[in-house]
Student: 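My questions will all concern the structure given below.
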Amino acid sequence: MANFYLDTPSLKHHLQHPLMTRIVELKERNFADKSEYDYAPIDFEDAMDSYDKVLEIVGEICGDIIAPNAEGVDQEGPTVANGRVTYASGTQKNLDATIKAGLMGMSMPRRYGGLNFPVVPYIMAADIVSRADAGFENLWGLQDCAETLYEFGNEDQRQRYIPRVCAGETMSMDLTEPDAGSDLQSVMLKATYSEKDDCWYLNGVKRFITNGDSDIHLVLARSEDGTKDGRGLSMFIYDKRNGGVNVRRIENKMGIKGSPTCELVFKNAKAELCGDRRLGLIKYVMALMNGARLGIMAQAVGLCEAAYREGVAYAKERCQFGKPIIEFPAVYEMVALMRAKTDAARAMLYETARFVDVYKCLDDISKERKLTPEERAEQKKYAKLADAFTPLGKGMTTEFANQNAYDAIQIHGGSGFMKDYTCERLYRDARITNIYEGTTQLQVVAAIRYVTTGGYLAQIREYEKMEYKPELETLRKRLIAMTELYEKAVQMVTDTKDNEYLDFQARRLVEMAGHTIMGYLLLQETNCCESFRRSAEVYLCYGETEVKKNYNFISSFKAETLGYYKPELETEEN
């Protein structure tokens, strides 16, 4: 029997991070639930044991059910008839298995039927599920929409909807439209309030909606007449039981085929307001998107792991010129870098998840009582770190997922181009990760302010000050040198006081910050566990080369050259 949790020791390593003591303390409120729920932990060790056991169940389901179903789901895909979606048979089996195991609503409070798990073990489950089938992760992972209901819905809405999610009903977030993709301010789905019926009605079209025929939808719609920007948008809850929404079509996609991506038609669909009017995009979607981006990071890490395993297994089996191809430097270099990128991406994922955990727990506690000055400072610190690391992590990890999938194909050679091998599906599945929930380019737009304000540099300095074993001092010094190049590059760009030039160089600056941070994270892992040493050494060779490359580009770039990059706009003569 395969178990995708037990066969990946780095997962337990990340689960046992020292900050988990504080996270569990905050999440469990001094273990107040132990007298009311027989499955609630009685202390820290009991909580950690609970996470470990549930993740073992996730690993078993992924190894024995979800992964074996993945190829069949990819070939069969979902279908639509009479406005309703039917999942591929393997997808339905996967859902049945996860529901039966109680793996829905994992992060929701126990009073609503959830497991009250922190973000870290929940995201770890998403990492494992993604390795098994990235397409299924899109369905299972949308339970995270319940977090938005919990944060911004009223108590009546929480009582009515969250237990349904915990029992296994599915969710979707209906944001994009044919003319509103990255620019969600352009959303025009109309929300009209009926005083007679005391409810809202939704009319219009949504496009590219993942799991669009779900049971419970969070819908971004225009509630304010005469508005054209984000201030006229509100968030609504639509219950499929009420009717009024049909699936017009399922998109014919390159990858993640088990996850139905739908075009939806709303015709007087009855809905209810979630939170306050006008805050749909400004507040609620931003929170929803940050949670989704963390989920995509987990999906990317799972794909990194899967691609690495496919690549190394084939390299060991395939013989050419009398020996396995993994013995050739051209191949073992690729394999080593795939492993290093996977470990770096995973370290970034769980560092970000820990930041999110602390600030979300304190934010939740603030609704029950007034935070102490120390708690307010802690909440502010971790909220800022989470906001900084989410776009950086989403951008870096999803690019690594694509690179690992590419290299897995390359290691397979001509065989990798054939559908007989799993790496072909992984290659297609990975491609969407650096596009949806905000392209890499949009992550750079979100991340660049932490470059210019010094946010990333401040955190890098914190990592630099940590105590490391003497034998790691050489690696630390190399990271300090990378930091110096990064700091110089930022200064060179910001000194121009040219916003267009800053935007042009932003990707390079963000990547420099990312490589330096991920290098430090791997150094920390190596400081705790020698098994990370190989990845740290390999990644630093790669990371410092990328940092130097970007520094050289910036330092040698001539301002007048920028014009050559701009498109030539041709005009037609009348």
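As the structure is a computational prediction, the values presented were derived from the model and not from experiment.
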Student: Classify the ring geometry between Tyr284 and Phe152 as parallel (under 30°), tilted (30 to 60°) or perpendicular (over 60°).
Tutor: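 The arrangement is tilted - the two ring planes meet at 30° to 60°.
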Student: With a 4.0 Å cut-off on N to O distance, would you call Lys27 and Asp357 a salt bridge?
Tutor: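 Here Lys27 does not pair with Asp357 in a salt bridge, since their nearest N and O are not under 4.0 Å apart.
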Student: Tell me whether the count of non-hydrogen atoms from other residues, nucleotides or ligands lying under 6.0 Å of CD in Glu333 goes above 12.
Tutor: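 Check fails, neighbour count at 12 or below.
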Student: Which pairs count as salt bridge (Lys or Arg N to Asp or Glu O under 4.0 Å) when at least one residue sits in residues 286-304, sequence neighbours excluded?
Tutor: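 Listed once each, the pairs would be none.
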Student: Going by salt bridge (Lys or Arg N to Asp or Glu O under 4.0 Å), name the pairs with one or both residues in residues 295-312, residues two or more places apart or in two chains.
Tutor: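 Non-adjacent pairs meeting salt bridge (Lys or Arg N to Asp or Glu O under 4.0 Å): Asp7-Arg309, Glu305-Arg309, Glu305-Arg339, Glu305-Arg346.
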Student: What residues form a ring-ring contact (aromatic ring centres under 6.0 Å, His included) with Tyr427, not counting sequence neighbours?
Tutor: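 Partners of Tyr427 by the ring-ring contact (aromatic ring centres under 6.0 Å, His included) criterion come out as none, since no residue qualifies.
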Student: Got a salt bridge between Arg354 and Glu351, using NZ or NE/NH1/NH2 to carboxylate O under 4.0 Å?
Tutor: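 Answer for the salt bridge query: yes.
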Student: Just wondering, more than 12 heavy atoms not from Lys497 lying within 6.0 Å of its NZ?
Tutor: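 For Lys497, atom NZ is not crowded (no more than 12 foreign heavy atoms under 6.0 Å).
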Student: Evaluate the ring planes of His14 and Tyr350, with Trp represented by its six-membered ring, and classify them as parallel (under 30°), tilted (30 to 60°) or perpendicular (over 60°).
Tutor: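 Tilted.
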Student: Any salt bridge linking Glu511 with Arg508? Criterion: basic side-chain nitrogen under 4.0 Å from a carboxylate oxygen.
Tutor: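 Arg508 and Glu511: not salt-bridged.
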Student: By the ring pair (Phe, Tyr, Trp, His ring centres under 6.0 Å) test, which pairs, at least two apart or in different chains, include something from residues 383-403?
Tutor: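 Only Phe355-Phe389 qualify under ring pair (Phe, Tyr, Trp, His ring centres under 6.0 Å).
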Student: Could you list the residues that satisfy ring-ring contact (aromatic ring centres under 6.0 Å, His included) with Phe4, not counting sequence neighbours?
Tutor: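 Residues passing ring-ring contact (aromatic ring centres under 6.0 Å, His included) with Phe4: none at all.
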Student: Determine, step by step, whether His515 and Tyr486 satisfy the ring-ring contact (aromatic ring centres under 6.0 Å, His included) criterion, reporting the C-alpha distance in whole Å, the side-chain angles of both residues, the deciding distance to 0.1 Å, and the verdict.
Tutor: CA-CA 10 Å; His515 288 305; Tyr486 165 64; over 10 Å; no
Student: Determine whether the aromatic ring centres of Phe504 and Phe557 lie less than 6.0 Å apart.
Tutor: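 Close enough - the centres of the two rings lie under 6.0 Å apart.
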Student: Check whether any side-chain heavy atom of Lys12 lies under 4.5 Å from a side-chain heavy atom of Asp52, and answer yes or no.
Tutor: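 Yes - at least one pair of side-chain heavy atoms lies under 4.5 Å apart.
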Student: Please identify each residue that fulfils side-chain hydrogen bond (donor to acceptor under 3.5 Å, both in side chains) with His412, with sequence neighbours left out.
Tutor: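 Here no residue qualifies.
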Student: Applying the side chain to side chain contact (heavy atoms under 4.5 Å, CB included) test to Leu502, which of Leu509, Thr496, Val451 qualifies?
Tutor: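 That would be Leu509; it is the only one of Leu509, Thr496, Val451 passing the side chain to side chain contact (heavy atoms under 4.5 Å, CB included) with Leu502.
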Student: How about CZ on Arg29, more than 12 heavy atoms from neighbouring residues, nucleotides or ligands closer than 6.0 Å, or not?
Tutor: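 Yes, the 6.0 Å shell around CZ holds more than 12 heavy atoms from other groups.
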